[in-house]
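Please read the structure below before turning to the comments.
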Amino acid sequence: MCGLCCCLSAVAQEPRIQNRPYIDQRLLHYGFFVGLNMMDMEFQNNGYVDPTTGQQWYSEVDSYQPGFSVGVLGELKLNQTLSLRVLPTIHFGQKHVVFHEQTTGRDSTQNIKSTYVTLPIHLKIAAPRYNNFRPYATVGVAPSIDLTTRKHQALLTERMDCFIEIGGGCDFYLPYFKLIPELKFCFGLRDILVHDRNDLIDESLLKYTKAIDKASSRMIVLTFYFE
């Protein structure tokens, strides 16, 4: 019985025929990707009390709706382990913000739609290839601009931001192309809340901005690369 188990283990670890064995030897790699995203905002509430009404508001993103991401990939091989990636990307998505009034329990909401155009630059650290897969991790920065900021609403966000991105995935070598699923987490570095609200027509909406000291972008992205 022990001999049979050893035999099966040896067969399971036996190297297989590699698909596209020389693809990683190229200096430059190109491809495209599509994926899903979940956008979020992290608020730093300050407990502001409206001096006129006595109302106290608390803001949060209470639900998440999937968005769509698409982009292209350019990858420069540095050595057998490290690569430098450039990934021009467009993210379409939205954040559903709810404003809770602490004394009466009354809620107000705002749906903040975003179209981020980003230019991520990543360092990719890959493990050695085994058969037809190769896991890896990435870290990088992604300057971004939001093309769909809207004035005259309860909250107004800045157009410019910069994300720190951390992720991981795996290269799967198929007979005709390389498929790469990847999950990454994006953390905005700026306070994207516009505090000077000269755009407001309805001054009663100013209480929502005054109740927040800082707002930061967050995003989770699941992508599938084709190379």
With a 4.5 Å limit on heavy-atom distance, are the side chains of I112 and V97 in contact? yes

For the side chain of N45 and the backbone of G47, is there at least one donor-acceptor N/O pair under 3.5 Å apart? no

Verify side chain to side chain contact (heavy atoms under 4.5 Å, CB included) between I212 and N46, making sure each step is shown before the conclusion. CA-CA 6 Å; I212 302 171; N46 58 29; 5.7 Å; no

If you count every heavy atom of other residues, nucleotides or ligands that lies below 6.0 Å from R159 atom CZ, does the total exceed 12? yes

Distance under 6.0 Å and angle within 45° of the ring axis: does R85 meet both against Y225? yes

Is it true that the NZ or CZ of R218 lies under 6.0 Å from the centre of F185's six-membered ring and within 45 degrees of the ring axis? no

Contact between K77 and N79 at the side-chain level, heavy atoms closer than 4.5 Å - yes or no? no

Given the rule that I, L, V, M, F, W and Y join up when any side-chain heavy atoms are under 4.5 Å apart, are F226 and Y176 in one cluster? yes

Output, in order, the C-alpha distance, side-chain angles, deciding distance and verdict of side chain to side chain contact (heavy atoms under 4.5 Å, CB included) for E227 and I23. CA-CA 10 Å; E227 185 183 318; I23 190 171; 4.3 Å; yes

Hey, does the side chain of Q110 reach the backbone of L155 with a donor-acceptor pair shorter than 3.5 angstrom? yes

Kindly indicate whether the side chain of Q18, heavy atoms from C-beta on, has any atom under 4.5 Å from the side chain of R129. yes

Check whether L27 and L78 end up in the same hydrophobic cluster, where Ile, Leu, Val, Met, Phe, Trp and Tyr are linked by side-chain heavy atoms less than 4.5 Å apart. yes

Interatomic distance, Q55 atom CD to E101 atom CD [nearest 0.5 angstrom]: 4.5 Å

Output yes when a side-chain donor or acceptor of H152 lies under 3.5 Å from a complementary backbone atom of D199, and no otherwise. yes

Assess the side chains of Q94 and Q65: does a donor N or O sit below 3.5 Å from an acceptor N or O? yes

So, taking the atom named CG in L200 and the one named CG in L156, what distance separates them when rounded to the nearest 0.5 Å? 8.0 Å

Minimum heavy-atom separation for G188 to S216, with atom names? O-CB, 4.2 Å

Just checking, any donor-acceptor pair under 3.5 angstrom between side chains of D107 and H100? yes

If the test is side chain to side chain contact (heavy atoms under 4.5 Å, CB included), which one of V72, L87, V221 qualifies with F33? L87

Any non-hydrogen side-chain atom of D24 less than 4.5 Å from a side-chain atom of K178? yes

Between T118 and P143, is there a donor-acceptor pair closer than 3.5 Å when you use the side chain of the first and the backbone of the second? no

Separation between CD1 of I90 and OG1 of T115, rounded to the nearest 0.5 Å: 8.5 Å

When rounded to the nearest 0.5 Å, the distance separating NZ of K151 from CG of N198 is 9.5 Å

Check whether any side-chain heavy atom of L76 lies under 4.5 Å from a side-chain heavy atom of L28, and answer yes or no. yes

Any M41 side-chain heavy atom under 4.5 Å of T157 side chain: yes

Of all heavy-atom pairs between R134 and A127, which one has the smallest distance, and what is that distance? NE-O, 2.5 Å

Return the minimal non-hydrogen interatomic distance between C170 and P135, and the atom names on each side. SG-N, 3.8 Å

Could you see if L222 belongs to whatever hydrophobic cluster contains F187? Use Ile, Leu, Val, Met, Phe, Trp, Tyr and a side-chain cutoff under 4.5 Å. yes

Heavy-atom distance under 4.5 Å between the side chains of F172 and N132, does that happen here? no

Interatomic distance, D161 atom CG to M219 atom CE [nearest 0.5 angstrom]: 9.0 Å

Do K95 and S114 pass the side chain to side chain donor-acceptor pair (under 3.5 Å) test, and can you show the C-alpha distance, the side-chain angles, and the key distance before you say yes or no? CA-CA 8 Å; K95 288 89 69 174; S114 294; 2.6 Å; yes

Do NZ/NE/NH1/NH2 and the carboxylate oxygens of K124 and E165 come within less than 4.0 Å? no

May I ask you to test the H96-D62 pair for a side-chain heavy-atom distance under 4.5 Å? yes

Closest approach of E182 to Y136 (non-hydrogen atoms, all atoms of both residues): OE1-OH, 2.6 Å

In W57, Y58, Y208, Y48, the residue satisfying ring-ring contact (aromatic ring centres under 6.0 Å, His included) with F99 is Y208

Indicate if F224 and F92 have the same hydrophobic cluster label, given that clusters are the connected sets of ILVMFWY residues with side-chain heavy-atom separations under 4.5 angstrom. yes

Would you call the rings of H91 and Y116 parallel, tilted or perpendicular, taking 30° and 60° as the class edges? perpendicular

Short side-chain to backbone donor-acceptor contact, R197 and E203, under 3.5 Å: no

Tell me, with the steps shown, if E60 and V98 meet side chain to side chain contact (heavy atoms under 4.5 Å, CB included). CA-CA 6 Å; E60 66 174 349; V98 61; 3.7 Å; yes

Contact summary for F163 and S217, nearest pair of heavy atoms: CE2-CB, 3.7 Å

Hey, does the side chain of E75 reach the backbone of L84 with a donor-acceptor pair shorter than 3.5 angstrom? no

Indicate yes or no for a side-chain donor-acceptor contact from D191 to the backbone of A215 under 3.5 Å, with no hydrogens or angles considered. yes

From CD1 (I145) to OG1 (T148), nearest 0.5 Å: 10.5 Å

F177, Y30: one ILVMFWY side-chain cluster at the under-4.5 Å cut-off? no

Measure across G93 and N37 and return the closest heavy-atom pair with its distance rounded to 0.1 Å. CA-OD1, 4.3 Å

List the steps and the verdict of side chain to side chain contact (heavy atoms under 4.5 Å, CB included) for I166 and T138. CA-CA 6 Å; I166 302 170; T138 64; over 6 Å; no

Check against side chain to side chain donor-acceptor pair (under 3.5 Å), S144 and D146: CA-CA 7 Å; S144 71; D146 188 352; over 6 Å; no

